[in-house]
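Shown next, in structure tokens, is the structure this report addresses.
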Protein chains: 2
Amino acid sequence: MRYSTRLPVATHILLCIALLGGEHKTTSAFLAGSVGVNPVVVRNVLGQLKAAGIVSVEPGVGGASLAREPERISLLDVFRAVEGQEGLFRLHDNPNPACPVGRNVHAVLGKSLAAVDDAMEAQLAATTLRELMDATSEREAMRYRG
Amino acid sequence: MRYSTRLPVATHILLCIALLGGEHKTTSAFLAGSVGVNPVVVRNVLGQLKAAGIVSVEPGVGGASLAREPERISLLDVFRAVEGQEGLFRLHDNPNPACPVGRNVHAVLGKSLAAVDDAMEAQLAATTLRELMDATSEREAMRYRG
DNA sequence: TCGGTTGTAACTGTTGACATTACAGCATAC
DNA sequence: GTATGCTGTAATGTCAACAGTTACAACCGA
């Protein structure tokens, strides 16, 4: 079992807005065409990103834009916006309190799993949208240089 | 969306085998009673742990035991045994190759997400079953000391 | 007012986790 | 050698989450 594709989809959307927003009107239909999903999925993700203060969306006229500089948007911001605050792991529901292991396993394991969550989030926070934009531009440039 | 409860369940099972194996015959029914799940779930998880070389299970006579010292069993070993080798995130399927973002997003994002996977696994590898056993024993001792 | 867009709700198909039942295979006790 | 208890595994049912899709109200600019 693993996470949904929401983080990749949201990141793709942000890259499109950041890199193509000057040349194109970034409507949900346009973004959906690049990402390869249904426009409604784009609108839902944009709604989550808007609620998190990452993008601004123009109702009526159409189009989305970044609400702050790409240097100040990390993958962790995007992750939290679209996946919520819940931890990576879920403890099982019904350990037996009459068993010395069962009555302690949540406390003991919880500490270790929280450390894993922290490590994952620290690594997500280490990448900014700006770095992904630069990496994309670099690859595009290489494409034409050969 | 998050991981299943398999890692916690498997860890709970291992703790029971390690700490209670001396006093009790650790059959799937006994373990299921402590973990609070169906015995078949225990047998399935034990099968995965056995395939990974972490436990030995006695068919016929019944009962399971650790296949190596708890110092040499990390949460990462358990995680890989029950959750497989797949990464945490899944890239979306159909980015548009005609779009400069779409044709690069997998390569660009994949690198960052692989780093997140590595960070998570490193943290999982930092905890051994021995540490969890000691933490459990310590909490049990405190329970009686007050 | 009209055309294009966003914001949502509702329905559907798919997938995975988990519980449960059932039964074949195996090892020990008698 | 049979009975008993356990493991291994297949089949089935339930439930929740994700994602695709349709539909429609709300909104804005020409």
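All values below were derived from every heavy atom in this structure, side-chain atoms included, with hydrogens, water molecules and symmetry-related copies excluded. In what follows, every chain begins at residue 1, and chains take the letters A, B, ... in the order their sequences are listed.
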Do [X] and [Y] come within less than 4.5 Å of each other through their side chains, counting heavy atoms only?
X         : Y         : answer
Pro100(A) : Leu19(B)  : no
Val116(A) : Met120(A) : no
Cys99(B)  : Leu20(A)  : yes
His92(B)  : Val105(B) : yes

Under 3.5 Å, side-chain donor or acceptor atoms of residues 52-66 of chain A against the rest of the protein: list the pairs with distances, not counting sequence neighbours.
none

* Asked: Do the rings of His24(B) and Phe30(B) sit parallel, tilted or perpendicular, given the 30° and 60° boundaries?
  -> parallel
* Sequence neighbours excluded - salt bridge (charged side-chain N to carboxylate O under 4.0 Å, His left out) pairs with any residue from residues 24-52 of chain B -> none
Rounded to whole Å, please give me the gap between [atom1] in [X] and [atom2] in [N].
X        : N       : atom1 : atom2 : result
Asn38(B) : dC6(D)  : CG    : P     : 15 Å
Leu31(A) : dG4(C)  : CG    : C1'   : 15 Å
Gln48(A) : dC18(D) : CD    : P     : 10 Å
His24(A) : dT5(C)  : NE2   : P     : 14 Å

* Given dT21(D), dT5(C), dA17(C), the nucleotide with the shortest approach to the side chain of Lys25(A) -> dT5(C)
* Structure fact -> With the side chain defined as heavy atoms from C-beta on, Arg90(A) is closest, among dC18(C), dT20(C), dA19(D), to dC18(C)
* Go through residues 92-110 of chain A and report each residue with a non-hydrogen atom lying under 4.0 Å from DNA chain C, sorted by number. => none
Can you give each donor-acceptor pair under 3.5 Å made by side-chain atoms of residues 137-146 of chain B, sequence neighbours left out, with the distance rounded to 0.1 Å?
| residue | atom | partner | partner atom | Å |
| --- | --- | --- | --- | --- |
| Ser137(B) | OG | Met133(B) | O | 3.0 |
| Arg139(B) | NE | Asn104(A) | OD1 | 3.2 |
| Glu140(B) | OE1 | Arg103(A) | NH2 | 2.9 |
| Glu140(B) | OE2 | Arg103(A) | NE | 2.7 |
| Glu140(B) | OE2 | Asn104(A) | ND2 | 2.9 |

* Asked: Is there a side-chain polar atom (N or O) of Arg6(A) under 4.0 Å from OP1 or OP2 of dA17(D)?
  -> no
* To do: May I ask you to verify if any side-chain N or O of Thr5(B) is less than 4.0 angstrom from the OP1 or OP2 atom of dA17(C)?
  => no
Atom pairs and distances, side-chain donor-acceptor, residues 35-42 of chain B, under 3.5 Å, sequence neighbours left out:
| residue | atom | partner | partner atom | Å |
| --- | --- | --- | --- | --- |
| Asn38(B) | OD1 | Val40(B) | N | 3.0 |

Quick one: which protein N/O atoms are closer than 3.5 Å to N/O atoms of nucleotides 7-11 of chain D? Pair and distance per line, please.
| residue | atom | partner | partner atom | Å |
| --- | --- | --- | --- | --- |
| dT7(D) | OP1 | Ser28(B) | N | 3.1 |
| dT7(D) | OP1 | Gly63(B) | N | 3.4 |
| dT7(D) | OP2 | Ser28(B) | N | 3.3 |
| dT7(D) | OP2 | Ser28(B) | OG | 2.6 |
| dG8(D) | OP1 | Lys50(B) | NZ | 2.6 |
| dG8(D) | N7 | Arg43(B) | NE | 3.0 |
| dG8(D) | O6 | Arg43(B) | NH2 | 3.3 |

